[in-house]
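Lettering follows sequence order; numbering is per chain, from 1.
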Amino acid sequence: MLVDASARFQSLLAELRRLPGILGAEIARRDGILIAHSVPKTMDPKKIAAMSAAIVGTSEMAATEMGLGSFNQSIVDTDVGMMMATGAGEEAILVTMIRNEANMGLIHLGVDKAVQAIAGILQAEEVVA
Amino acid sequence: MMPAAARAPTERAKTGIAILDQRLQGGFPRGCTLLLFSDKPTEKRIFGENFAVQGARSGERSLYVDFFRAPQLARGELKRFGPVDASKLIIVDATSSQLLLPSPEKYHIDDISNLDTIREAIIAAMRAEKPERIVIDSMEFLMDRFPKEDVLRLWRELIEAAHATGAIICFLFINWTLAEQDLVQIRSMVEFVVEFQSSLRGGIVRNSMRLSQMGADGVKTNWIPYAFKDLIGLTVYFPRILVTGPFNAGKSTIVRALSEKSVSIDRMGTTVAFDYGNVNVTGIEAEIFGTPGQERFEFIFKIFAREVSGVLLVIDATRPEELPRAKQMLDLVGPRIPYVVLANKSDLPGALAAMDIHRRMDLPEDVPVIATVATEDRGVRDALLILAEMIIGVR
């Protein structure tokens, strides 16, 4: 069971990375701890996990403060591309790093699918061995 | 229980996990018996392997009796620990005969269905090689196949044979079937028990172990979280140490002083999101999260204040008026989490002495206050080590 969940996360991430224009993807917990990653060697997955949690936490607070409803996704837009941090269930976030040339429609579809799968896996695996 | 063949106490058998060795006054005493125990499948094999590899690395000889894996596989998996002199790591092969294959190892058990053959093969290897460390992987293999009484007898004979040569013998054992009274009997045969536990929460596997020495005043630890590092072995691993404290106390500087690499998300020197660093000191690995100090960033604090192993509470020793705020920040983390107070900027004029801070904050007696100068990296590492010891547990 323990191995099973992480293997499924890895295959999810691998599938996402097959989409053209995706630089890397990782799953982190909302408190900044890394769950699984598939990012290039030049990126530090643990740092990205911590930062994404802060971005998501801050965005969530801002949304609540502004009365804008519940949080779905934070986007950081840069001259190279963008980073999307998407809520995946109560516990996790999916971070995707994308180049500008990417087909955003495809990416959104892929991310939505992945996010639902992650939420499902996490809900099923609350076990203590 | 110590046999005559035991060496000087300075020559204890190191586990390679620095903070554990320290707690054991240098390592396990020679000629003792270890039980690596769990009631569910966990990673205890990695402790057994780590123990054997550490022995081989420090010039001792380790005998590894493997009932589960083919020796080629076992040797392959041991490569994760990095280069080890294969001649110092002797494997007793119990699988080749089951597969009707010739054994590549010098020592092998030829008939796995006969307890006498098993005993003789292991004891012959022990006598011939005189290893300092012996690992039996594992006793549940035998418990599953032979009558309980016979296995217990073999168990005792192996301990005796090991003690006769002054070796440390280490048994891996998962209990599937035995009742509590049998477990009491098994525990009474050993000097140390290391228990293992794995859990999965929020998609992350956490492994921890707990060491206890038999006897009323033996060493006992809390559950110690650990991780495996390629080419090194087992290390103590704290997934989250929180560095917190009031505004401008020096939290970011402390995260920076502790870590090899760190990031700080700040504006003009004030942390607005958090600091993060990865620490690696004397066998301890930890992820350090520094929080902002101002109340308006408290929501950031709450993101990171979950599953905290321990807290470094940083205060500015020159500003006693901030002490109430510091105490309030501790309450945000929650009760029963070990913490150490760092009286930072202790080199500045007007800095309060550690004792004064302890009194003014009305801290429990067992909470240490340590004078630090983060800008000069003074006292910071000590504070982390003291915190690590508190998390691991003293006694």
Part of A:L34 lying under 4.5 Å from any heavy atom of chain B: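 Contact with chain B: backbone only.
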Proximal component of A:A50, with respect to chain B [non-hydrogen, under 4.5 Å]: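 It is both, since atoms from each part get that close.
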B:R80 NZ/CZ over B:F228 ring centroid, <6.0 Å and within 45° of normal: yes
Lys NZ or Arg CZ of B:R187 over B:F37 ring: under 6.0 Å, within 45°: yes
Pick from A:I118, A:V56, A:I33, A:I27 with the largest number of heavy-atom pairs that fall under 4.5 Å of chain B: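 So the answer, after comparing A:I118, A:V56, A:I33, A:I27, is A:I33.
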B:E298 with B:R325: basic N within carboxylate O range, under 4.0 Å: yes
Residue pairs, two or more places apart or on separate chains, that pass side-chain hydrogen bond (donor to acceptor under 3.5 Å, both in side chains) and touch residues 105-119 of chain A: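 Sorted pair list: A:E15-A:K113.
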